[in-house]
Each structure stands twice: as structure tokens, then as C-alpha cells.
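Notes follow the structure.
Note that the coordinates shown come from a computational prediction; the quantities given were computed from them, not determined experimentally. Here is how names work: the chains are called A, B, and so on, in the same order as the sequence lines, proteins then strands, and each is numbered from 1.
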2 protein chains.
Amino acid sequence: MKETSKHELDRMDRNILRALQKDGRLANADLAKMVNASAATCHRRTQRLFDEGYIASVRAQIAPATVGLGALVMVGVVLDRSTPESFAEFEKAVGAMKEVLDCNLVAGDFDYLLKIRVRDMAGFNLLHGKQLIALPGVRQIRTFFVLKEVKDNAPLPF
Amino acid sequence: MKETSKHELDRMDRNILRALQKDGRLANADLAKMVNASAATCHRRTQRLFDEGYIASVRAQIAPATVGLGALVMVGVVLDRSTPESFAEFEKAVGAMKEVLDCNLVAGDFDYLLKIRVRDMAGFNLLHGKQLIALPGVRQIRTFFVLKEVKDNAPLPF
DNA sequence: CTCGTGCTTGGAAGTTTCTTTCATTTTGAT
DNA sequence: ATCAAAATGAAAGAAACTTCCAAGCACGAG
């Protein structure tokens, strides 16, 4: 009985994932050489990794500063009440804010931690005044301006 | 006088960026149709976006849970001393930790905010005990376990 | 207004690459 | 040891990329 045919990843699979995580545009022929397989085999393996959901997507990483999003801000949010409805409402509202790149419900001093990109500090002030404090159920917001991006979106270690 | 030949991005350029941000594997022919241009023009524009640094890279997004990295943890760090050497040393050490996906120097209650992926809570405890508290110059660490990933790595809004 | 310069465009040729097919090998269970 | 199922690699066929070139457009000088 084979369930959903979720085979284990062998060494070749992992090597393919690692290579594509570094360069999603790798030509299949080159990738095949890197993992010591024929083009056909490599192509099949890669397609399986897509089909079975190991690779969620392949996306271009755009340099934020070049499109006018040079400022990064982390924000901690505390809600008024800790009810499921309160959380759901907040998450829905945040989901609609395109400036919010990450949003995580956390355990600790905050309820949510947000990662936000805007043009500059002025842009953040606008967002803060017009949208963040207007989010539903927000009791407190703590802002962490990013002074230096040491690591951003590093590849997954596996 | 042409500086570094940094033309402005026109509508077609932005459309290309947006499309590739969603799907970095788009065939040039398909992309061309989406932006209403010939394959040749689209190819040139895309190559320029790469060459001039608008697209930093194209990377496969691997589903963390499928490679044994189902747990996400945000960590706030306060250093002992606020000297350039102290910061540099900390950043170097963090740079070598593959589990740390993001690391940002921030202004606020913490010096650094880290985004960390591990297998599970046990994995984090190991990392915490063996590496995080051993990082150079660390005075205090505050841990935020992520209970729910509402948004992760959303595309840049531009 | 007209001309000329320089940049951008799109069709098509030539080349590379992908994708499928098929015979063979390997794997894994009995 | 034997068989069935799955995976592999070479090659053919299909599709895509990349370059070349003539034509179009914008813009400034005269």
C-alpha cells in the first residue's frame, strides 16, 4: 500500500533541491551534470519534486532598493483580546496589506511579528499612521527599524 | 553623461518583474505575450533587468516542512556592548549559522532580530543551548515560537 | 519644419535546450 | 533465485532561446 507515493528524498533529489534553491534558472542539462545523472533522469526527478510539492514555486528575487522599497521594518503587534475571531480578523486585514511581507502568529511578548517593506521612513510613518494602528483589535505596536540587513532570505539548510 | 545607464523602469519592465516574481520559470515566449511584446524584445528587457541588478537571483522556494524544517522561530537578541567590534563579531558568527534565515540589526528593544528554521521544538532547544547562547557578546535572548505562518515571503509590492 | 542620430522594435534564421519514447538495467519482495 | 515494478540513459522529435538585421520611432539640432 503506497499512500500518496511520497517516496523519501535520496541524495540526488536533495542535490537538485539545493541547486535549484541557489539558481532556479539552471538549465536541465547543467543540473544533470551537477547531480551526475542523464538529462532525462534529472528532468524526471525535477518534475517530481515540483509535482509532489517539494518545490512550492520558483521566484525572481527583486532587489528591493531598485523598486523603491529600500526600507525594512519589523513590527511587533499586541492585540486587545485573544479570541479566535480577533485573530482571524487581524490576519485577514494584514493579508490585504501588500507592504507586509511576513506575518507570523507567535508565542511571547507579542501576538504577531510583521516584516514590512516601504520606500523610506516617511513611507513607514504613513503606513503606520494610516493602516497599522487602524488594524482591527490592535492594542500596541512596537516598531523595529532595520539599520542593516545582515542576512535576508537565506537558503534553507537541509 | 550616462552614469551607470540606469534607465527608469517603464510599465513593461515592471510587468516583467512582477511576472517573474510570481513565476521565475516563465518561458520567455509566454512572458512576451503577457507583456505584449515580441519574444526578442521581451528577452532583451529581461536580460537587462538581470544585468542591471533589478533581479538579484531566481530561486526555488522549497516547502520547509518537506525537508524537515517545519518549525519557525523568531529570536530577539541583545548584546553586551554596543561597539562596532561587538556587532561585527556577532554578525560573522550568525552568518555561519545556516539555520538563521534572516538577521537584521534593528533599532529598538533588541539589537538583532533573527528568523530561524529548525525541524521542531527539540531542534530549537538544541540550537539554543549549543549555539545561540554561545554567540559572541550576547546578553539576552528572547524567543518567539511561531504558532502560525500567516504570510511568508510575500512578493514585493511595487 | 526637416533632417539626422541613436535607440528600440519585431520577424526570422540558426542554435541550443527540453521532453518523450523505448529498450535495458536496477530494485525489492517473495 | 525469480519475477514484477520502477528507474535509468541514449536518441529522436518538438519546442524554446538567442542573435541578426532591416524598419520604426523619439528627439534634438539646424
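Rounded to a whole Å, the CZ atom of Arg48(A) is 18 Å from the C1' atom of dT19(C). Distance, Glu8(B) CD to dC7(C) C1': 17 Å, rounded to whole Å. In this structure, CD of Gln47(A) is placed 8 Å from C1' of dT19(C), rounded to the nearest angstrom.
Non-hydrogen atoms lying under 4.0 Å from DNA chain C are contributed by Ala27(A), Asn28(A), Ala29(A), all within residues 18-36 of chain A.
Two end axes, each from the C1' atoms of five base pairs, can be drawn for the helix from dC1(C)-dG30(D) to dT30(C)-dA1(D); they diverge by 40°, to 10 degrees.
Listed by first then second residue, pairs satisfying ring pair (Phe, Tyr, Trp, His ring centres under 6.0 Å) with a partner in residues 27-48 of chain B number zero, not counting sequence neighbours. Residue pairs meeting the salt bridge (Lys or Arg N to Asp or Glu O under 4.0 Å) criterion with at least one member in residues 54-74 of chain A, sequence neighbours excluded, do not occur.
For the pair Arg18(B) (side chain) and Phe158(B) (backbone), a donor-acceptor distance under 3.5 Å is present.
Residue Val106(A) belongs to a hydrophobic cluster whose other members are Leu72(A), Met74(A), Val78(A), Phe110(A), Leu113(A), Phe144(A), Val146(A), Leu72(B), Met74(B), Val78(B), Val106(B), Phe110(B), Leu113(B), Phe144(B), Val146(B), with links defined by side-chain heavy atoms closer than 4.5 Å. Grouped by direct or indirect side-chain proximity (heavy atoms under 4.5 Å, Ile/Leu/Val/Met/Phe/Trp/Tyr only), Leu126(A) sits alone.
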Table please: side-chain donor-acceptor pairs of residues 91-101 of chain A below 3.5 Å, with sequence neighbours left out.
| residue | atom | partner | partner atom | Å |
| --- | --- | --- | --- | --- |
| Glu91(A) | OE1 | Lys148(B) | NZ | 2.6 |
| Glu91(A) | OE2 | Tyr112(A) | OH | 2.6 |

For residues 134-141 of chain B, which side-chain N or O atoms pair as donor and acceptor with protein atoms under 3.5 Å away, sequence neighbours left out?
| residue | atom | partner | partner atom | Å |
| --- | --- | --- | --- | --- |
| Arg139(B) | NH2 | Asp80(B) | O | 3.4 |
| Gln140(B) | OE1 | Arg142(B) | NH2 | 3.1 |

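Judged as a ring pair (Phe, Tyr, Trp, His ring centres under 6.0 Å), and not counting sequence neighbours, the contacts of Phe124(B) are His128(B), Phe145(B). Not counting sequence neighbours, Glu89(A) has no partner by the salt bridge (Lys or Arg N to Asp or Glu O under 4.0 Å) test. Under the salt bridge (Lys or Arg N to Asp or Glu O under 4.0 Å) criterion, Asp10(B) pairs with Arg45(B), sequence neighbours left out.
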Enumerate all atom pairs, one protein N or O and one N or O from nucleotides 10-15 of chain D, separated by less than 3.5 Å.
none

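In terms of phosphate contacts, His43(B) brings a side-chain nitrogen or oxygen within less than 4.0 Å of OP1 or OP2 of dT18(D).
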